[in-house]
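Here the structure is laid out as C-alpha cells; the discussion comes afterwards.
All values below were derived from every heavy atom in this structure, side-chain atoms included, with hydrogens, water molecules and symmetry-related copies excluded. This chain uses plain numbering: 1 for the first residue, then up along the sequence.
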Amino acid sequence: MNNPVKKVIAVHDLSGFGRCSFSVIIPTMSALGVQVCPLPTAVLSTHTGGYTGFTFRDLTEDIVPYFDHLMSLGTTFHAFYSGFLGNASQIEQVEYMIDRVKDKMTVLVDPVMGEDGELYSTYNDEMMHGMKKLVANAHIITPNVTEACFLIDEEPKDFYTSDDIKRMVRGLTKLTGGKVVVTGIEGDRSVNCAFSDDGGVTVNFTSNKRVGRQYPGTGDIFASVLLGRLLQGKTLEDAIKNSSAFVRSVMEYSVQFDYPEREGVLLEAKLHELFENS
C-alpha cells in the first residue's frame with residue numbers, strides 16, 4: 001500500500017470527566033487521520049487536577065500483556081507515544097516496550113512530571129531516574145520548561161533568557177540524542193517553544209500569543225498534533241507551529257464560555273480545523 005493508515009500505540013490514562021489524556025488524544029489524532037490504539041495505564045472517574053474523591057483503577061498488571069498481544073497481531077504500527085505514568089513499575093514497563101519498538105517506529109515520550117516549577121506529588125527519585133532512561137531512547141521528547149529543568153538536574157526558576165533555554169535544549173539533546181521540543185516557555189505576552197532536531201547544533205524558537213488561561217490537557221493536544229503532523233511528513237518546525245496554533249485556537253474559543261478551567265478546553269468544536277489544514 002502506498003498510503004497506509006498511520007497507527008499509533010498510545011500509553012496514557014483515561015479520565016471520564018475533564019478533557020485530558022485519552023479524551024483529547026483520540027479525537028485529536030483521529031482528526032488527523034491517525035488511528036489511535038490506546039494502551040490504558042489507569043481509568044479514573046475524573047482527572048486529578050482540582051478534583052477530589054475520584055475513583056482510580058490501576059492497570060499496571062495489564063500493561064505488558066496488553067502490549068505483547070498488540071505486537072502479536074502482525075499489523076504495522078507507525079509510532080509509540082507515552083505520556084503520564086503513575087509509578088516506577090509503569091515506567092519500567094514502557095522502557096521494555098520502547099526497547100521492543102524503537103527500531104521499527106517513531107517513539108515520542110512526553111515526560112509528564114510537573115509544571116510551574118514543581119514536580120507532581122506522585123513523583124520520586126526512582127521515577128525521575130526511570131524517566132531519564134525513557135527519554136534517552138526516544139526519537140522525540142516534549143517536556144515543558146519545568147520538566148526540562150529536572151531532566152538535566154537544574155532548579156526551575158521564574159524567568160529564562162534565550163541563552164538559558166538554548167543551554168537547556170542542548171543539555172536535553174545530550175540526554176536523549178533525539179529531537180527536543182521544550183514547551184511552555186513564558187514570554188512577556190507570549191508562550192514559546194524551543195526546539196532542536198540536529199543534536200543541539202542549532203536551537204530555534206516559535207512564539208504564540210498568550211491566551212491567559214491554564215487548561216488541563218493542552219499539553220496532550222500539543223503532542224498529539226505534533227506527532228500526527230510528523231507522521232504526515234511535516235518538518236519538526238512546521239509541526240510545532242501547527243500544534244501551537246491549534247492549541248491557541250482551541251483556548252481562544254474556550255475562554256468565550258463561562259465554565260471551570262479544570263474541565264479542559266472545548267476541543268470538539270475546533271477539530272474541523274485539523275481536517276481543513278491536513
Side-chain angles (χ1 to χ4, degrees), residues 20 48-49 81-88 90-92 94-95 98 102 107-208 210 214-223 226-227 236-237 239-240 243-244 247:
C20 67
T48 60
Y81 167 24
S82 76
F84 177 79
L85 301 171
N87 55 56
Q90 289 188 355
I91 294 175
E92 290 176 357
V94 173
E95 182 183 3
I98 289 175
K102 63 184 179 182
V107 175
L108 186 150
V109 172
D110 186 8
V112 183
M113 302 185 297
E115 59 188 340
D116 297 328
E118 300 288 340
L119 285 173
Y120 293 133
S121 60
T122 57
Y123 253 77
N124 55 38
D125 288 343
E126 183 182 9
M127 294 177 71
M128 176 69 71
H129 178 70
M131 187 56 69
K132 289 180 180 180
K133 293 174 69 176
L134 280 194
V135 300
N137 288 292
H139 301 127
I140 310 158
I141 64 171
T142 58
N144 62 36
V145 68
T146 294
E147 294 155 350
C149 285
F150 285 115
L151 285 171
I152 61 172
D153 299 317
E154 291 189 4
E155 285 295 320
K157 54 186 183 179
D158 294 333
F159 175 77
Y160 301 89
T161 66
S162 61
D163 286 340
D164 290 335
I165 298 299
K166 289 177 181 179
R167 186 187 68 253
M168 184 185 300
V169 171
R170 290 181 175 125
L172 290 168
T173 62
K174 293 178 182 178
L175 182 65
T176 180
K179 299 176 181 179
V180 171
V181 182
V182 177
T183 66
I185 305 165
E186 296 286 343
D188 183 23
R189 296 181 180 179
S190 63
V191 180
N192 311 303
C193 293
F195 66 96
S196 178
D197 60 1
D198 60 6
V201 175
T202 57
V203 177
N204 297 301
F205 293 84
T206 64
S207 181
N208 269 289
R210 183 199 305 273
Q214 288 189 319
Y215 294 101
T218 51
D220 298 324
I221 296 170
F222 176 92
L226 178 73
L227 181 55
L236 181 63
E237 182 172 9
I240 292 169
S243 303
S244 299
V247 170

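Between atom CE of residue Met131 and atom CD of residue Glu95 there is a gap of 11.0 Å, rounded to the nearest 0.5 Å. To the nearest 0.5 Å, the span separating CZ on Phe195 from CD on Glu237 amounts to 4.0 Å. Atoms CD1 and CG, on Ile140 and Leu226 in that order, are 6.0 Å from each other to the nearest 0.5 Å. Atom CD1 of residue Ile240 and atom OG1 of residue Thr142 lie 10.0 Å apart, to the nearest 0.5 angstrom. The line from OG1 of Thr146 to CD of Glu155 is 11.0 Å long, rounded to the nearest 0.5 Å. To the nearest 0.5 Å, atom CG of residue Asp110 and atom CZ of residue Phe84 are 11.5 Å apart.
Under the side chain to side chain contact (heavy atoms under 4.5 Å, CB included) rule, Leu134 has a single partner from Ile141, Ile91, Thr176, which is Ile91. Paired with Leu236 under the rule side chain to side chain contact (heavy atoms under 4.5 Å, CB included), one option of Asp198, Asn204, Asp197 passes, and it is Asp197.
Under the 3.5 Å distance criterion, the side-chain polar atoms of Glu147 are matched with a main-chain donor or acceptor of Met113. Side-chain atoms of His139 never come within 3.5 Å of backbone atoms of Gly178 as a donor-acceptor pair (strictly under, hydrogens ignored). Panel note: side chain Ser196, backbone Thr202; a donor-acceptor pair is recorded below 3.5 Å.
Shortest non-hydrogen contact noted between Cys149 and Pro156 is SG-CA, 3.9 Å. The two residues Met168 and Ala148 make their nearest non-hydrogen contact at SD-CB, 3.4 Å. When all heavy atoms are compared, the tightest approach of Lys132 to Phe150 is CE-O, 3.9 Å. The two residues Tyr160 and Lys157 come nearest to each other via the heavy atoms OH-N, 2.9 Å. For the pair Leu172 and Val182, the tightest heavy-atom approach, listed with the atom from each and the gap, is CD1-CG2, 3.6 Å. Between Met127 and Ala88, the shortest heavy-atom distance links the atoms CG-N, 3.8 Å.
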All N/O donor-acceptor pairs, side-chain side in residues 114-121, below 3.5 Å, sequence neighbours left out:
none

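Contact of the Thr48 side chain with the Thr122 side chain is not registered, since no non-hydrogen atoms from C-beta on lie closer than 4.5 Å. Side chains of Asn137 and Val107 form no contact here, defined as non-hydrogen atoms less than 4.5 Å apart.
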- Query: When you look at Glu154 and Arg167, which way does the side-chain contact (heavy atoms from CB on, under 4.5 Å) test go after all the steps?
  - Reply: CA-CA 11 Å; Glu154 291 189 4; Arg167 186 187 68 253; 3.3 Å; yes
- Give the C-alpha distance, both sets of side-chain angles, the deciding distance and a yes or no for side-chain contact (heavy atoms from CB on, under 4.5 Å) between Val145 and Ile165. CA-CA 9 Å; Val145 68; Ile165 298 299; 4.2 Å; yes
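Counting only residues at least two apart or in different chains, salt bridge (charged side-chain N to carboxylate O under 4.0 Å, His left out) contacts with residues 177-194 comprise Glu186-Arg210.
Side-chain atoms of Ser190 and Asn192 form a donor-acceptor pair, as typed in the model, at a separation below 3.5 Å. Judged purely by distance below 3.5 Å, without hydrogens or angles, the side chains of Asn144 and Thr183 never pair a donor atom with an acceptor atom.
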